[in-house]
Number of protein chains: 2
Amino acid sequence: MSENIEAGLVLSVINLQSKIQKRIGSALSAHGIGLSDYLVLNQLYTAPNQKVRRSDLAEQVGLSPSGVTRLLNPMEKIGLVKKQENPRDARVSLVALTTAGTKIYEDAQVSFKHASAALLEPLDKKELDEFYKLLKAVL
Amino acid sequence: MSENIEAGLVLSVINLQSKIQKRIGSALSAHGIGLSDYLVLNQLYTAPNQKVRRSDLAEQVGLSPSGVTRLLNPMEKIGLVKKQENPRDARVSLVALTTAGTKIYEDAQVSFKHASAALLEPLDKKELDEFYKLLKAVL
DNA sequence: CTCAAATGATTGAGCAGTCAAACATATTGC
DNA sequence: GCAATATGTTTGACTGCTCAATCATTTGAG
C-alpha cells in the first residue's frame, strides 16, 4: 500500500472549505445573506425557468428537504423568493426568484467573485484550470 | 475581466466538501464518532506530546473556542480524551488522548483512509499529487 | 373505482455549532 | 505591590441544520 496521500488530501479539502466558509461567509453577510442562501439564489438564477422544485433544490445545494423548507421560509418572508404551485401535481411546490431576489443575487455575486478570486490568488491561470479539472473529475 | 473561473471553482469545492461530509461522516459513524471528533483525535494523535491547548485545537480544526469546549465535553465523558492542567499557567487547559481514544482513533483512521481512497478513486497517482500540491498552495 | 403504496413537503425534537458576555488567571506599567 | 489590561476558557441564548414522523397528494394493481 502506497503512502495514502488520499487521506491527507481529504483533510486539506476540509481545511480549504473551512477557509472558504469564513471568507465567503463574511463577504456575503454584507448583503444580509448566508452561504446557503447564496447557493439557493445561484441555483434559481441559473435554472431554466427560474423555477425549481424544493426537493431538487435540496439535492443541488446539499441540504435535506427539511433544511430547504427552513431555509426558504425566511427568504420568502423578506421577499427574495416566492412559492408557486404546480397545477399538474399539487404535492410539489416550486420556488422562483423575485425581482428583489434577482437584484440581491446579482449584487452578492460580485462579492462572491471577488472573495473567490482573493482566496485563489496564489494560483495562476493554468493552475486554476488544472484545479477545476481535478475537482470536476471527482464530483 | 476573464471568465471568472474562480467562482465556479469555489462552488465545486463546496460541492466536494458536501460529498466528503456525507461519505466520511457515515464511515466514521460506525466508530461512534463524527467528523469533528475525528479531526480532534487526529490533531491530538499527531501532536508532539499528544497534548494540545484547547484554543490551538480550535484553530486547527476550524472551530470556535466555545465549539471546542462543547465538542470535548462528551468526548471526555466517554473517556476518549482527558483534561490536564498546565502548572505554569492555570488559564490554559490541555487536552490529551487516553488509551481508549488512541485505540478508537487508530480504528477510525482505517475507515477514514478507505473512504478517502474510494472518494478519490477517479484520480490516478499523478493527479492526486497535483491536486494535493494545488490545495497546499491555496491553504 | 378504490385503496395501498409511493412521492413531496412540513413539522417536532434535538444536536452541533456560533457570538457575546462572564469568569478565571496572568502580565505589565506605575 | 496593585490596578488595568490581556489571555484562555466556559456559559447563555440563539441559529441552522438533521432525522423521524406526519400530512397531502398522486399513482398503480386488482
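Numbers restart at 1 for each chain; the letters A, B, ... are given by sequence-line order, proteins then strands. These figures come from a predicted structure and were not determined experimentally.
Taking each heavy atom of A:Ala96 and A:Lys51 in turn, the nearest pair found is CB-CG, 4.0 Å.
Checking the phosphate oxygens (OP1, OP2) of D:dT11, no side-chain nitrogen or oxygen of B:Thr69 falls inside 4.0 Å. Side-chain nitrogen and oxygen atoms of B:Ser36 include at least one within less than 4.0 Å of the OP1 or OP2 phosphate oxygen of C:dG17. Taking 4.0 angstrom as the limit, A:Ser93 places none of its side-chain polar atoms (N or O) nearer than this to OP1 or OP2 of C:dG8.
B:Asn86 has its CG atom 13 Å from the C1' atom of D:dT7, to the nearest Å. Atom NZ in A:Lys77 sits about 13 Å away from atom P in D:dT15, given to the nearest Å. Rounded to a whole Å, the CZ atom of A:Arg53 is 13 Å from the P atom of C:dT10. When the P atom of C:dG8 is taken as reference, atom CZ of A:Arg54 falls 14 Å away, rounded to whole Å. The distance from atom CG of A:Leu63 to atom P of D:dT18 is 5 Å, rounded to the nearest whole Å. If you take CD of B:Glu85 and P of D:dG8, they are 17 Å apart, rounded to a whole angstrom. A straight line from CG of B:Asp37 to P of C:dA16 spans 8 Å, rounded to a whole angstrom. Taking atom CD of residue A:Glu59 and atom P of nucleotide C:dG8, one finds them 12 Å apart after rounding to whole Å.
Two residues, A:Pro87 and A:Pro74, neighbour DNA chain D, and the one matched to the more 5' nucleotide by heavy-atom proximity is A:Pro74. Summary of the strand contacts: A:Leu71 and B:Val68 both lie near DNA chain D, and taking for each the nucleotide with the nearest heavy atom, the more 5' one is attributed to B:Val68.
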Collect all protein-nucleotide pairs involving nucleotides 19-24 of chain D in which both atoms are nitrogen or oxygen and the distance is under 3.5 Å.
residue	atom	partner	partner atom	Å
D:dC19	N4	A:Ser66	OG	2.9

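Under the 4.5 Å side-chain heavy-atom criterion for ILVMFWY residues, no single connected hydrophobic cluster contains both B:Leu97 and B:Val92.
Salt-bridge formation is not detected for the pair A:Asp129/A:Lys133: no Lys NZ or Arg NE/NH1/NH2 atom is positioned less than 4.0 Å from an Asp or Glu carboxylate oxygen. Look at B:Lys126 and B:Asp124 and you find no salt bridge, because none of the NZ, NE, NH1 or NH2 atoms lies under 4.0 Å from a carboxylate O.
Of the residues in residues 14-33 of chain A, none lies under 4.0 Å from DNA chain D by heavy-atom distance.
Side-chain contact, A:Tyr45 with A:Gln109: no donor N or O sits under 3.5 Å from an acceptor N or O.
Counting heavy atoms from C-beta on, the side chains of B:Leu35 and B:Gln21 come closer than 4.5 Å. At a threshold of 4.5 Å between non-hydrogen side-chain atoms, the residues A:Gln84 and A:Val95 do not count as touching. Between A:Gln60 and A:Val52 there is a side-chain heavy-atom pair separated by less than 4.5 Å. With a 4.5 Å cut-off on side-chain heavy atoms, B:His31 and B:Tyr38 do not count as touching.
No donor-acceptor distance shorter than 3.5 angstrom exists from the side chain of B:Ser93 to the backbone of B:Glu85, with no hydrogens or angles considered.
In this structure, B:Lys136 satisfies the cation-pi test against B:Tyr132, with its NZ or CZ atom closer than 6.0 Å to the six-membered ring centre and inside 45 degrees of the ring normal.
With axes fitted over five pairs at each extremity, the angle between the ends of the helix from C:dC1-D:dG30 to C:dC30-D:dG1 is 10° (10° resolution).
In this structure, the separation between CG on A:Asn42 and OH on A:Tyr105 is 3.5 Å, given to the nearest 0.5 Å.
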